[in-house]
Structures are given as structure tokens and as C-alpha cells.
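This report concerns only the one structure given below.
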Protein chains: 2
Amino acid sequence: MAATLRDVARHAQVSLRTVNNVVSGYQHVSEQMRRKVQAAMEELDYRPNPVARTLRTGRSGVLALVVPEIDVPYFAELAREVINAADEVGYRVIVDQTGHDHDRERQLLTGADRSLLFDGLLFSPLVTPSELRAMQDGPAVPLVLLGEHDFDGRYDHVAIDNERAAYDAVQHLIGLGRERIAAIGVQPQETYTTPQQRTAGFRRAMTEAGLAVREPYLRAAAHYRRAAGYAAARDLLALPQPPDAIFCYADLLAMGAVRAVFDAGLSVPDDVAVIGIDDIDEGRYSRPTLSTVSLDTPHIAREAVKRVADRIDEPGQPALQITASHTVIARESTGGEVPIIHS
Amino acid sequence: MAATLRDVARHAQVSLRTVNNVVSGYQHVSEQMRRKVQAAMEELDYRPNPVARTLRTGRSGVLALVVPEIDVPYFAELAREVINAADEVGYRVIVDQTGHDHDRERQLLTGADRSLLFDGLLFSPLVTPSELRAMQDGPAVPLVLLGEHDFDGRYDHVAIDNERAAYDAVQHLIGLGRERIAAIGVQPQETYTTPQQRTAGFRRAMTEAGLAVREPYLRAAAHYRRAAGYAAARDLLALPQPPDAIFCYADLLAMGAVRAVFDAGLSVPDDVAVIGIDDIDEGRYSRPTLSTVSLDTPHIAREAVKRVADRIDEPGQPALQITASHTVIARESTGGEVPIIHS
DNA sequence: TTCTAGTTTGCACACGTAGGCAAAGCGATG
DNA sequence: CATCGCTTTGCCTACGTGTGCAAACTAGAA
């Protein structure tokens with residue numbers, strides 16, 4: 001079916017080796033021969049077989065991006081940026097979702113899942129650091145963690161300072177004069193480091209401001225989707241003393257929370273101020289527009305891709321911890337300026 | 001590094017052929033031998049090399065899903081469902097975005113992009129049918145089109161009846177007593193069949209109801225994102241006689257349009273009713289919740305995966321046109337019932 | 001013992017590309 | 001004519017798996 005090197009060689013009436021010389025850009029090839037071979041390649045519509053090439057070279061030129069759920073907007077935006085960043089350095093990207101399946105995550109990390117092949121792995125995990133730590137042999141492939149801190153420093157990672165981001169968000173709420181501040185997104189067993197760090201930042205901001213952290217105000221979320229944010233906020237508003245501000249660990253939770261406040265007959269931000277994290281596009285058009293902590297996702301994507309590409313080329317490097325910057329953006333949901341939406 | 005069949009054979013002190021017999025599930029293998037070999041495989045942590053296997057068998061067990069932009073919620077939700085559907089029939093999925101790049105689309109279709117390998121292609125294209133038609137040789141790999149009709153019937157496709165969906169949506173607006181109905185998402189050159197069909201449905205609904213189609217009410221959208229919907233709606237509201245209803249060719253356009261109406265100091269749905277297409281999760285929590293045409297994406301994904309899997313197994317089959325059902329869902333943006341959001 | 005069925009092995013080739021090495025061909029220069 | 005440098009070729013091995021074929025071995029039955 002598809003033409004091979006051999007077919008091209010036959011068609012151009014040259015040796016297989018010469019065709020290979022042309023394809024691989026060998027120096028000592030006459031211009032004349034180069035043209036002749038290339039003409040033959042075009043006529044036969046030759047394209048190198050990537051599988052054979054990968055088998056031979058051990059390099060596929062493919063990175064894998066693994067996220068829990070691809071239809072969570074932040075992950076989708078991350079995927080977009082990673083694909084773009086990878087394109088710039090000559091890598092293709094395949095996107096996979098684990099669907100909150102810990103086994104699937106473990107498979108990918110240990111290389112147990114070899115049904116796909118890639119040279120490096122960008123991993124936005126749910127798997128707990130303890131599980132990462134338990135992996136004796138290390139990952140089967142160059143690995144960069146996204147948005148997750150590995151305390152042992154055994155793996156590369158790119159993330160914001162989650163504790164500080166949460167601190168800044170809560171301080172913004174405190175600056176509005178709010179005192180009964182709740183949080184949505186706390187993880188029940190606190191196994192995931194990201195929520196853990198955000199809870200720490202929340203507590204620190206409250207404590208430093210001399211405000212009480214009321215345990216009923218710390219709400220779990222099974223997943224970081226609108227439905228969970230809605231349910232958690234609804235429960236918060238049903239408390240004897242409902243909060244006057246809610247800090248959500250993800251914008252998507254915040255979108256659900258805002259709707260719940262509205263459905264309870266209350267106003268955002270007048271009755272309840274709401275702020276999230278992620279700065280997804282949705283929050284720039286919603287009513288009210290959503291205050292949030294912005295992450296500079298393109299930067300994160302570029303750094304992560306660069307890092308994994310480096311590690312592919314030089315496997316022995318020590319793990320690097322890259323911290324990306326973050327910015328609190330005040331929009332309508334905390335009474336901030338109405339942003340001008342560009343045409 | 002990684003153990004091969006040969007390593008396992010050596011370790012178990014059996015022949016390579018026997019190990020292969022175990023791996024490939026050959027009938028005449030004694031239980032004793034099977035256990036012995038499997039023990040050796042576990043000890044060496046053997047995993048078959050997918051690249052070598054693919055090279056040998058010509059099958060990778062991977063489907064490619066190609067969408068214009070992965071961070072457009074509908075495509076992300078589609079990707080989620082496709083991944084799930086593929087998982088059920090034993091395929092893995094790689095997701096790629098073309099970024100509105102026609103060349104990239106052509107590359108994928110003609111097989112010019114062989115940097116990735118897959119057995120079948122699920123393609124949600126921007127490429128015009130005329131370009132598809134111009135492809136003499138057909139696609140390089142089994143292909144199913146998503147959400148796009150190929151009039152020649154040369155390729156499989158799975159889509160809703162776009163003309164009818166638009167017709168139903170507009171009829172819903174007409175049923176509310178609206179008469180000045182605008183549309184956002186018309187394609188300037190009408191090269192893409194999906195918008196073309198939706199415009200046709202829009203016109204038919206208007207004509208049948210005896211309403212005039214005012215050309216200034218047909219607004220283009222460079223892309224189907226919030227920003228384009230916002231800009232188009234803002235322009236519509238600046239007309240001497242602004243519309244009292246807007247039909248958007250995508251929910252994301254509608255989200256932008258709703259915000260524009262609000263920013264103009266008007267109300268949705270009182271002053272302007274808005275309806276979209278896609279039924280993305282965002283529209284179930286937005287203020288107002290968004291009326292839309294729902295697509296049964298899981299069904300579409302399953303059908304598409306099934307179809308491409310069939311075609312991989314039996315390449316010669318005639319092209320099939322699968323039409324998925326759609327439903328108009330009336331929510332707040334057209335004055336519909338406030339949906340109960342489940343906890 | 002001999003036949004038969006089941007089991008294991010060795011061998012060889014294939015998939016398509018990569019690339020080391022030596023040799024041969026070619027033209028030009030000294 | 002000899003030497004040199006550039007170009008082209010042939011040959012061989014490798015990547016790891018899949019599989020057809022024939023042969024050898026084992027064990028049980030006739």
C-alpha cells in the first residue's frame with residue numbers, strides 16, 4: 001500500500017542507502033541526486049513510517065498529556081497551551097484522561113500502560129504524593145508534574161505557589177470587609193497536596209487577620225465541577241449563619257456556587273462574594289464575571305514542555321521545581337471593576 | 001532496559017517461540033508451562049513493546065479524534081465521550097487539535113501527517129466538503145466525520161439534522177411571539193456545510209411563519225467562541241431596530257451574546273431571548289440558564305466509534321450516514337422553566 | 001512396541017527504517 | 001599516471017514482535 005524506502009529506491013533506480021541518505025540529510029549528496037530522489041518520493045507519495053522509525057530510533061516525537069477530565073475547562077485550556085508549546089519545539093501531543101481512576105494513573109506512571117507510546121509524560125495527577133513516593137523505580141519515562149507538588153523533590157514539577165495563591169485570594173475577600181469566609185474544594189482525607197496547600201493558605205490568611213476558621217465552612221468537593229460547587233454552596237447557605245464570602249479551589253466550583261447563591265434568592269457579590277482559581281474564559285463572560293486567581297497557563301505549558309524535552313535529551317538531570325506566578329483578578333463577583341470585554 | 005520476549009525466554013529457560021505462544025494465547029500450551037512463563041514475565045516486568053507490535057501487525061489499537069479547538073467546551077465534552085466509548089470497544093484515543101489550520105486538516109486526511117499513528121480517524125472538520133470531495137484517493141485511514149455532512153456520501157458521518165435543529169430552535173423563538181429574530185454564526189462564505197444548513201433551517205422557519213429575514217440580522221462569527229458571540233450581539237443591539245431574539249449556532253456564542261445583552265442594559269429573556277446549540281454544561285448553571293438544542297453527545301460518540309471500528313475490520317463497506325436525534329430544551333434564556341439543579 | 005495427539009522447539013522471514021563500514025565509482029588536481 | 005576527495009553503493013545488523021513450517025519430544029492408547 002504505502003510506499004517504502006525500498007519502493008522509492010527502485011523507482012528512482014538508486015540504492016536504498018542513497019534514498020536514506022537523502023531522507024536523513026546526509027551531507028555528501030549531490031544536488032542532482034537529491035532532486036532525483038525527491039522527485040521519486042513525490043511521485044510515490046512516500047512518507048516515512050513513524051512506527052518503524054520509532055522502533056529503530058527509540059524516539060517517537062510524541063509527548064503525552066494526562067489530565068483527570070478533559071472536559072473540565074481548565075484542563076482543556078491547559079491542553080490547548082501544551083499542544084501549542086509542544087508544537088514549537090517539534091513535539092506532537094496526545095491527550096489522555098484518567099477519569100479519576102487511580103489505577104489508570106499508576107499504570108501510566110509505572111509504564112504498565114504501554115499501549116501508547118511517547119517520549120515524555122506531562123502529568124496533572126490525582127495520585128497522592130505518597131503513592132508517587134512509593135514508586136521505587138521511578139517513572140518509566142521522563143515525567144513532569146503539573147500543578148502538583150512532590151515534596152520529596154524526586155520529580156520535576158511546574159506549579160503555582162498554591163498556599164500563597166489561596167492566601168492572596170482570601171486576603172482579597174478579607175479586604176472587602178468579609179468575615180464569615182467559607183471554602184469549597186477541601187479534600188476529605190486531604191490526600192492531594194494541591195487542596196491541602198490551598199487550605200493551609202486559607203487558614204493562614206484567616207488567622208493573620210484575626211478571623212475564626214469555622215469548620216462547617218470548610219466544604220469538600222468530590223470533584224471540581226459545577227455540580228459540586230452548587231451543592232456545597234447550597235449547603236453553606238442553609239447553615240444558621242451562612243457565609244458572606246466563598247473561596248472556591250477552582251473556577252468551575254465557583255460557577256456552581258454563584259448559581260446556588262442566586263437560586264437561594266441572594267446576590268453575588270452583595271450578600272456573598274465569590275472568588276475562584278484558574279481564570280477560565282467562562283468567568284470573563286458570566287454574570288457576574290468571576291473574580292479569580294489567574295495562572296498564566298501558557299507559561300506553565302511552555303515551561304513544562306521545555307522541561308520534559310530537556311529531560312528526554314539528558315535523562316540524568318536532577319529534579320527541578322518550577323513555580324509559576326499568579327495574580328488575583330478582581331471582577332464583579334467580589335464587587336470589582338466591570339472588565340471591558342474586547343470585541 | 002525494558003525486557004523483551006527474548007529476555008523472558010532466557011529467564012524461563014524456554015524458547016522464544018513458547019513465550020510468544022503464551023503471550024498470543026496459543027491453544028496447545030500446558031498449564032504448567034503457561035504458569036512458568038508468566039512467572040518469568042512478572043519477574044522481569046515484561047510488557048510487550050507496542051511499537052514493535054504495531055509494526056508487525058499493522059494495528060495500533062489507537063483512534064485519533066481531531067477537533068478544531070480542544071478548549072471549546074463542546075469539543076471537550078465530545079472528546080470525553082469518545083474516549084469513554086472507545087474504551088468500551090478496546091481502543092485508546094489520542095486527541096489532536098487543528099487550530100483552524102486547513103493545511104493541518106488536509107495533512108491528517110491525506111495521511112501526510114504520519115508523525116502519529118492510528119488505525120482510524122474521527123474528524124470534526126472545518127475543511128469544506130469541496131476540499132473533501134477533491135481528495136481523489138480518499139482518506140489514508142478509515143474515517144468518520146463528526147457533525148459534518150458530506151453530500152457526496154463518500155465518507156461515513158455521524159451528525160444531527162442541522163437544518164431541522166435550526167428550524168426547531170427558531171420555531172421555539174417564534175412560539176414565544178418573537179418576530180425580529182437574528183442569527184449569529186453564519187459563515188461569511190458559507191463554505192462550511194453545518195452553518196449553511198443551520199442558516200437554511202433558520203430561513204425556512206422564518207418563511208413558514210410569514211416573518212421577514214432581515215439580512216443585517218444574519219451575523220457572521222469568525223470562530224464559535226464567547227468573544228465572537230459578544231461582538232456580534234453588541235452589533236445587533238446597536239442597530240436602529242434591534243432584534244428581540246437571537247439564535248446562536250453554538251452555545252458558546254450564546255454565552256457571549258447573553259453577556260452583551262446584559263452589558264447593553266437589557267434583559268434576557270425579557271428584551272431579547274437567546275437560544276444556542278450544543279447543550280454544554282455551562283448553560284445549565286449560567287444566569288440565565290441557556291435554552292439550547294441538545295445533541296446526545298454520548299450517542300454520537302458511541303456510533304462514531306462503532307462505525308470506525310467496523311470500517312477498520314472491514315474496509316470495503318459503503319459509506320454510512322448516521323443521523324443523531326436532537327431536542328430543544330427551553331431554559332431561562334427563552335423564559336422557560338427554571339431547571340432543577342440536582343445536588 | 002507403534003501409532004497418535006498434544007506440546008515444545010528451532011529456524012526463517014517479515015514489518016520499514018537507521019546507520020556503520022568498506023569498497024567502488026567518479027572527477028579533478030598535482 | 002597517481003592521488004585525493006566526494007559520491008554512491010552493497011552488505012549487514014539492529015529495533016521487538018508475529019507467525020508459518022517442520023522437526024523433535026512427550027505421554028498416553030492401541
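Since this is a predicted model, take the numbers as computed values, not measurements. Just so we're on the same page: letters track the sequence lines, and every chain starts at 1.
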*Classify every nucleotide of nucleotides 21-29 of chain C by which part a protein heavy atom approaches to under 4.0 Å, writing B for the base, S for the sugar-phosphate alone and - for neither, in 5'-to-3' order.*
B--------
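- Look at B/Arg56 and you won't find any side-chain N or O under 4.0 angstrom from OP1 or OP2 of D/dG16.
- For C/dT8, the OP1/OP2 oxygens have a side-chain nitrogen or oxygen of B/Ser30 closer than 4.0 Å.
- Spacing between atom CE of B/Met33 and atom P of C/dT8 amounts to 4 Å, rounded to whole angstrom units.
- When B/Val144, B/Val158, B/Val95 are each tested for a side-chain contact (heavy atoms from CB on, under 4.5 Å) with B/Leu122, only one passes: B/Val144.
- Between the CD atom of B/Glu69 and the NE2 atom of B/His223 there is a distance of 7.5 Å, given to the nearest 0.5 Å.
- One atom, CG of A/Asn20, and another, P of D/dA14, lie 18 Å apart when rounded to the nearest Å.
- Evaluation of the side-chain hydrogen bond (donor to acceptor under 3.5 Å, both in side chains) rule for B/Asp310 yields no partner, not counting sequence neighbours.
- Atoms CD and CD1, from A/Glu81 and A/Ile300 in turn, are 10.0 Å apart once rounded to the nearest 0.5 Å.
- Note on A/Leu5: only backbone sugar-phosphate atoms sit closer than 4.0 angstrom, heavy atoms only; bases stay farther off.
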_Strand DNA chain C in bracket notation, Watson-Crick/G-U under 3.5 Å with | for pairs to another chain_ = ||||||||||||||||||||||||||||||
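- Looking at heavy atoms from C-beta onward, A/Leu121 lies in side-chain contact with A/Val66 at the 4.5 angstrom threshold.
- With distances taken from any side-chain atom of A/His28 to the nucleotides D/dC6, C/dT17, C/dG16, the minimum falls on D/dC6.
- Nearest to the side chain of B/Thr18, among D/dT17, C/dG19, C/dT8, sits C/dT8.
- The nucleotide whose nearest atom lies closest to any side-chain atom of B/Asn21 is, among D/dT17, C/dT17, C/dT9, C/dT9.
- OP1 and OP2 of D/dC15 both lie 4.0 Å or more from every side-chain N or O belonging to B/Thr4.
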